[in-house]
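We count ligands from 1, going down the list as the structure has it; atoms in each ligand are counted the same way.
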Amino acid sequence: ALKEQFNTDMVTLPRFLLESQKLQSHSTGEFTLLLNSLQFAFKFISQTIRKAELVHFSGLAGTSNRTGDEQKKLDVLGDEIFINAMKSSGNVKVLVSEEQEDLIVFPTSNGTYAVCCDPIDGSSNLDAGVSVGTIVSLFKLLPGSTGAIQDVLRPGTEMVGACYAMYGASTHLLLTTGSGVDGFTLDNNIGEFILVYPDLRLPLHNPIYSINEGNSYYWSDEIKTFIENLKEPQENGKPFSARYIGSMVADMHRTFMYGGLFAYPSDRKAGSGKLRLLYEAFPMSYLVEQAGGIAVNDRGERILDLRPNHIHDKSSIWLGSKDDVHRYMKHIGKSVKF
Ligand code: P6P
C-alpha cells in the first residue's frame, strides 16, 4: 500500500525538458533554458499571488494599462516578475506583455526567442478568489533578426511553443512545444512542477458550453440561434450545461480536463471580440489543436492562420472539443476541412 502513496520516480519539469531535448536533434539547449526561466516565473508569480492574498495586496493599483483596464496591484507585480525573469534568462530578445503598450526589446540580450504573455489573465476576478493564470506564446526570432516588431506580427502557425499556468487550489501548467500537450502540477513542498497529464487529449465532445450570455443582446442572430439550439434537449435527451467563470485560463483548464466549447464571439459592442490574439487566442488555440481540438474565429477561420497587425490585436474565438466546434462551423455553413 505504501508504494501507491509515494511515487518514487516523479518526472519533474526539468527532467521532462532534458529528456525531450535529447529527442530533438542538434538542439542547442537554449529552448530548454527558456522553458526553465518560464517555469521559474510561474512559481514566483504563484507564490506572490498566494502571499498577496494574505497581506491584502489585492485591490486597485490606481493605474490603468493601454486598453483602459484598471490595473490591480498584482497585475503590475506579475508583469514585473515576468519581464525580469525573461530579461535574466538571456534567451529572450523580444517581449510583448498585455500590460506593456509597446514591444520590449532587451538590448544586451543575445537571445533568439520572442515571448508574448498575459502575466495575470483574469485578474479582474482576483479579489473574488477565482483562479487566474499566466498565458504565454513563444516564437523563434526571424532569421537574421536582431529583435523587432516583425518577430511577433506573424501567423500563429509560426509559434514554437505555448503554455499557461493556472493559479488555483493547485498551480497547474499545460505546455506544448509542437508534439502534443503535457500537464504538470506544482508540488509546493519540493518546488517543482510534476508531470501529471502526459500527452493530454481533449475529449471529442462534451455537452458544456462556456460563453458570457450577458453579451447575447449584442450577438449576431446566427450566434444567438446557435446558442439557443444548445439549450434544447439533444439526442441524449439533455441540453448542454452552461459553465462560465470569466477567467479564460480557468474556463480553458476545465475545457482541457472535461472537454466542451469555449467562445468569446465578436458583438456589436466589441467588433473583433475581446480576447487578444498574441497572448490569449494564439497560445490557447495552439494547445487545443495539439490536444486534438479545434480553434476558429466567428467566420470559422483557423485562429492559427490569422496574423495580427498590432501586438494587442483582438479576435473572436470558438475553441475546444472537435465535434462541438465543428457543430458551430456547420451552423455557419463553413465546410469542415480540419
Ligand atoms: P467578460 C479576463 O478579463 C479576460 O481577459 C479573460 O480571462 C476572460 O475569458 C474574459 O476576459 C472575460 O470577459 O467580458 O466575459 O468578463
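Close contacts between ligand 1 and Gly246 involve ligand atoms 2 (C), 8 (C), 12 (C) [criterion: under 4.0 Å to a heavy atom]. Below 4.0 Å from some heavy atom of Met248 lie the following atoms of ligand 1, by number and element: 6 (C), 7 (O), 8 (C), 9 (O). In the vicinity of Ser247, heavy-atom distances shorter than 4.0 Å reach the ligand 1 atoms 7 (O). Proximity to Gly122 (heavy-atom distance under 4.0 Å) selects the following atoms of ligand 1: 2 (C), 7 (O). Against a heavy-atom cut-off of under 4.0 Å, Asn212 is close to the following atoms of ligand 1: 1 (P), 14 (O), 15 (O).
In this structure, atom 7 (O) of ligand 1 lies nearest to the protein heavy atom Asp121 OD2, 2.6 Å. Among protein heavy atoms, atom 14 (O) of ligand 1 sits closest to Tyr264 OH, 2.6 Å.
Side-chain polar atoms of Ser247 and Asn125 form no donor-acceptor pair below 3.5 angstrom. Side chain to side chain, Lys93 and Thr112 fail the donor-acceptor criterion of an N or O pair below 3.5 Å. Between the side chains of Tyr167 and Thr134, at least one donor-acceptor pair of N or O atoms lies under 3.5 Å.
Assignment of Asp251 to the shell around ligand 1 is not supported, since no heavy atom sits closer than 4.0 Å. Heavy atoms of Glu280 approach ligand 1 to within less than 4.0 angstrom.
Note on Phe16: it clusters hydrophobically with Val160, by side-chain heavy-atom contacts below 4.5 Å among ILVMFWY residues. Residues Tyr279 and Leu138 are members of separate hydrophobic clusters, defined by side-chain heavy-atom contacts under 4.5 angstrom among Ile, Leu, Val, Met, Phe, Trp and Tyr.
Annotation: Asn215 places no N or O atom under 3.5 Å from an N or O atom of ligand 1; distance criterion only. Taking only nitrogen or oxygen atoms, main chain and side chain alike, Tyr244 reaches within less than 3.5 Å of ligand 1.
Residue Leu153 forms a side chain to side chain contact (heavy atoms under 4.5 Å, CB included) with just one option from Leu277, Ile311, Asn309, and that option is Ile311.
Taking the six-membered ring for Trp and thresholds of 30 and 60 degrees, Trp318 and Phe226 have ring planes more than 60 degrees apart, a perpendicular arrangement. In this structure, Phe42 and Phe193 have perpendicular ring planes: the angle between them is above 60°, well past the 30° mark.
Relative to atom 13 (O) of ligand 1, the option among Arg276, Lys274, Lys269 with the closest non-hydrogen atom is Lys274.
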